[in-house]
Amino acid sequence: MTAFTNHQIVLTAIGEDRPGIVSELTQLVSDCHCNIIDSRIAILGNEFTFIMLLAGDMSAISRIEHTLPTKGMELGLLTMMKRTASHVACEFCAGYTLEYTGIDTPGTLSKVTRFFADNNISICSLKSDTYNEDNELKMRCELEFNIPVEVDIDNFKVSFEDLSRSLNVDYIFRRIR
C-alpha cells in the first residue's frame with residue numbers, strides 16, 4: 001500500500017440539487033490532494049446526495065476534514081465525514097443481482113433485507129423506487145450481493161422463491177461474478 005492510499009475517509013454531502021455541485025465537491029477533493037476511490041450520487045426528492053470514499057496521506061485527509069465544513073456551508077450542504085480503512089472482502093463463491101417488482105406494499109423491502117440478514121448475506125448495493133403503472137403504485141428494487149462460501153445458493157434461491165410468493169413480487173436473479 002502506498003503512502004497516498006493508506007488513509008481513507010467516507011464523505012457524505014446532502015443538499016438542494018443544482019448544476020455545478022458535483023464539480024465544486026470534486027474540485028475540493030482534488031485541491032485537498034485526495035483521490036476518489038468510490039462514489040455514488042442520487043437525487044432523492046429535490047435533494048442531491050453524494051457519497052465518496054476518499055484516500056490520501058494523513059495531511060490530505062486532515063485537509064479535507066478541516067476544509068469541507070466551511071465549503072459545505074457555502075454550498076448549502078449538510079456534510080458528514082468518517083475515517084475508515086480499506087474494505088476487507090470475505091471469501092465468496094459468487095456475486096449476484098436480484099431485481100424484484102410488485103405492487104408497492106409497506107414492509108416489502110424490510111422483509112427482503114431481513115431475509116438476507118437471516119441468511120448471513122451482506123448487501124453490496126441497493127436501489128429502490130416506486131412508479132405508476134396502470135393506475136397502481138408499483139415498486140422495484142435491485143440489490144447486489146455476494147454469496148459467502150458457506151451459504152448453499154440453491155437453498156437460498158428456493159427460500160427466496162417462497163418469500164417472493166408471500167410478498168407477491170416478481171424477481172430475477174442474475175449471476176454477475
Could you tell me if the side chain of [Y] sits less than 4.5 Å from the side chain of [X], heavy atoms only?
X	Y	answer
Thr12	Thr49	no
Gln8	Ser86	yes
Asn46	Glu16	yes
Lys157	Phe173	yes
Glu24	Gln27	no

For residues [X] and [Y], report the shortest heavy-atom separation together with the two atoms involved.
X	Y	answer
Ile61	Ala55	CD1-C, 4.2 Å
Glu144	Arg177	OE2-NH2, 2.9 Å
Gly72	Thr79	CA-CG2, 4.1 Å
Cys93	Arg175	O-NH2, 3.3 Å
Glu161	Ser164	O-OG, 2.8 Å
Cys141	Leu126	SG-CG, 4.2 Å

Next on the checklist: Thr108 vs Val169, test: side chain to side chain contact (heavy atoms under 4.5 Å, CB included). Steps then yes/no.
Outcome noted: CA-CA 9 Å; Thr108 301; Val169 297; 4.2 Å; yes
Side-chain ([X]) to main-chain ([Y]) donor-acceptor, under 3.5 angstrom:
X	Y	answer
Asn119	Ile121	no
Thr113	Ser110	yes
Arg140	Lys138	no
Thr130	Leu137	no

For the atom pair [atom1] ([X]) and [atom2] ([Y]), what is the distance rounded to the nearest 0.5 Å?
X	Y	atom1	atom2	answer
Leu78	Glu47	CG	CD	9.5 Å
Lys111	Leu167	NZ	CG	6.0 Å
Leu11	Leu25	CG	CG	7.0 Å
Met52	Ile41	CE	CD1	8.5 Å
Cys124	Asn146	SG	CG	4.0 Å
Leu163	Arg114	CG	CZ	12.5 Å

Item to check | Mutual orientation of the aromatic rings belonging to Phe145 and Phe156 [parallel < 30°, tilted 30-60°, perpendicular > 60°] | outcome: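 Tilted: the ring planes of Phe145 and Phe156 meet at 30° to 60°.
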Linking I/L/V/M/F/W/Y whenever any side-chain heavy atoms sit under 4.5 Å apart, do [X] and [Y] land together?
X	Y	value
Leu53	Leu28	no
Ile51	Ile36	no
Met58	Ile9	no
Leu75	Val22	yes
Met81	Ile37	no

Checklist entry - Do Arg63 and Ser59 have a side chain donor and acceptor closer than 3.5 Å? => result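 Indeed, the side chains of Arg63 and Ser59 share at least one donor-acceptor pair under 3.5 Å.
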Item to check | Polar contact flag, side-chain donor to acceptor under 3.5 angstrom, Glu142-Tyr100 | outcome: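 Side chains of Glu142 and Tyr100: no pair found under 3.5 Å.
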Checklist entry - Can you list the steps and then say if Met80 with Ile14 is a side chain to side chain contact (heavy atoms under 4.5 Å, CB included)? => result CA-CA 9 Å; Met80 184 172 51; Ile14 302 170; over 6 Å; no
Item to check | Working for side chain to side chain donor-acceptor pair (under 3.5 Å), residues Glu136 and Asn132 | outcome: CA-CA 5 Å; Glu136 280 189 302; Asn132 282 306; over 6 Å; no
Checklist entry - Can you list the steps and then say if Arg83 with Glu65 is a side chain to side chain contact (heavy atoms under 4.5 Å, CB included)? => result CA-CA 9 Å; Arg83 287 190 185 210; Glu65 286 176 320; 2.6 Å; yes
Item to check | Residues Lys127 and Glu99 bridged, charged N to O under 4.0 Å | outcome: no
Next on the checklist: Both conditions, 6.0 Å and 45 degrees, for the charged tip of Arg40 above the ring of Phe50: are they met here?
Outcome noted: no
Checklist entry - Can you list the steps and then say if Asp162 with Arg165 is a salt bridge (Lys or Arg N to Asp or Glu O under 4.0 Å)? => result CA-CA 5 Å; Asp162 293 340; Arg165 269 195 301 274; 2.6 Å; yes
Next on the checklist: I'd like to know whether Leu98 forms a side chain to side chain contact (heavy atoms under 4.5 Å, CB included) with Ile172, so could you lay out the CA-CA distance, the side-chain angles of the two residues, the decisive distance to 0.1 Å, and finally the verdict.
Outcome noted: CA-CA 6 Å; Leu98 164 66; Ile172 298 171; over 6 Å; no
Checklist entry - Hey, is CG on Asn168 packed in by over 12 heavy atoms from elsewhere, all under 6.0 Å? => result no
